Undergrad: 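Please read through the structure below; I'll follow up with questions.
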Amino acid sequence: MAPFKQTTLPAHYKNGQTFGRPSEYRPEYCQLVIEKMREGISLGAFAGVVGVSRDTVYEWVKRHADFSDAVSRARAGQQLAWELKLLRSRKGAETSAAIFALKNIAPDQWRDVRSVDHQHSLKLETLTDAQLYAIAAGKAGAHGAVIETEFTRTDLDPQQ
């Protein structure tokens with residue numbers, strides 16, 4: 001059985017006293033993350049710059065609104081750094097690396113767009129039951145032509 005919830009502080013605690021391990025977060029990290037990510041490094045690499053784990057940095061993003069805002073602005077600076085690198089690159093491998101980085105940094109803007117346009121001339125109302133069953137069974141050809149086959153219907157309930 002769990003103990004009762006404590007509603008008052010013990011006598012030896014002072015008002016405003018915090019509990020647990022003190023946070024390693026510093027407000028000056030807001031400007032530092034913007035500067036470092038403008039150089040092109042990731043948020044995880046920024047954790048290495050300040051000597052904490054990536055999980056710690058991601059926790060700061062959740063807990064500190066000013067740091068979260070700074071990281072949002074820093075991501076735009078990071079993308080700028082990689083796009084400028086792409087514009088300056090002359091070798092194939094360097095260009096490929098920049099494009100790969102940009103696809104991961106800004107996937108909504110740098111994704112490979114694949115568009116498939118499905119057009120057909122068949123109308124659902126004009127197909128026979130046999131054609132519909134063939135299409136549903138995956139026996140339709142590449143251009144919607146149905147493989148001719150004989151359709152036999154079996155009852156779901158064998159006792160009828």
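The shown structure was predicted, so the numbers you read here are calculated from the model rather than taken from an experiment. Residue numbers count from 1 along this sequence.
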Undergrad: Quick one: list whatever passes ring-ring contact (aromatic ring centres under 6.0 Å, His included) with Phe46, sequence neighbours left out.
TA: none
Undergrad: For Ser72, which residues count as a side chain to side chain contact (heavy atoms under 4.5 Å, CB included) partner, sequence neighbours excluded?
TA: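 Side chain to side chain contact (heavy atoms under 4.5 Å, CB included) list for Ser72, sorted by chain: empty.
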Undergrad: Name all residues meeting the salt bridge (charged side-chain N to carboxylate O under 4.0 Å, His left out) criterion together with Asp55; count only those two or more places apart in sequence or in a different chain, and write none if there are none.
TA: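 Salt bridge (charged side-chain N to carboxylate O under 4.0 Å, His left out) check on Asp55 returns nothing, list empty.
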Undergrad: Does anything in residues 125-136 form a salt bridge (charged side-chain N to carboxylate O under 4.0 Å, His left out)? List the pairs, not counting sequence neighbours.
TA: none
Undergrad: Scan for salt bridge (charged side-chain N to carboxylate O under 4.0 Å, His left out) pairs involving residues 94-105, sequence neighbours excluded, and state none if there are none.
TA: Lys103-Asp112
Undergrad: Of all residues at least two apart in sequence or in a different chain, which pass the side chain to side chain contact (heavy atoms under 4.5 Å, CB included) check with Ala70?
TA: Cys30, Val33, Ile34, Arg73
Undergrad: Tell me, please, which residues at least two apart from Ser53 pass side-chain hydrogen bond (donor to acceptor under 3.5 Å, both in side chains).
TA: Thr56
Undergrad: side-chain hydrogen bond (donor to acceptor under 3.5 Å, both in side chains) with Tyr29: which residues, sequence neighbours excluded?
TA: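 Listed in chain order: nothing, the list is empty.
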Undergrad: Taking side-chain hydrogen bond (donor to acceptor under 3.5 Å, both in side chains) as the definition, give me every residue that meets it alongside Lys85, ordered by chain and number, with sequence neighbours left out.
TA: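 Once residues adjacent in sequence are excluded, Lys85 has no partner under the side-chain hydrogen bond (donor to acceptor under 3.5 Å, both in side chains) criterion.
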Undergrad: Going by the rule salt bridge (charged side-chain N to carboxylate O under 4.0 Å, His left out), which residues pair with Arg63 if we only count those two or more places apart in sequence or in a different chain?
TA: Glu59
Undergrad: Could you tell me which residues satisfy side chain to side chain contact (heavy atoms under 4.5 Å, CB included) with Ser68, sequence neighbours excluded, listed by chain and number?
TA: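 Applying side chain to side chain contact (heavy atoms under 4.5 Å, CB included) to Ser68 gives Val61.
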Undergrad: Could you work out, with side chain to side chain contact (heavy atoms under 4.5 Å, CB included) as the rule, every residue matching Gln79, not counting sequence neighbours?
TA: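 Only Glu83, Leu102, Ile105, Ala106, Gln109, Trp110 meet the side chain to side chain contact (heavy atoms under 4.5 Å, CB included) criterion with Gln79.
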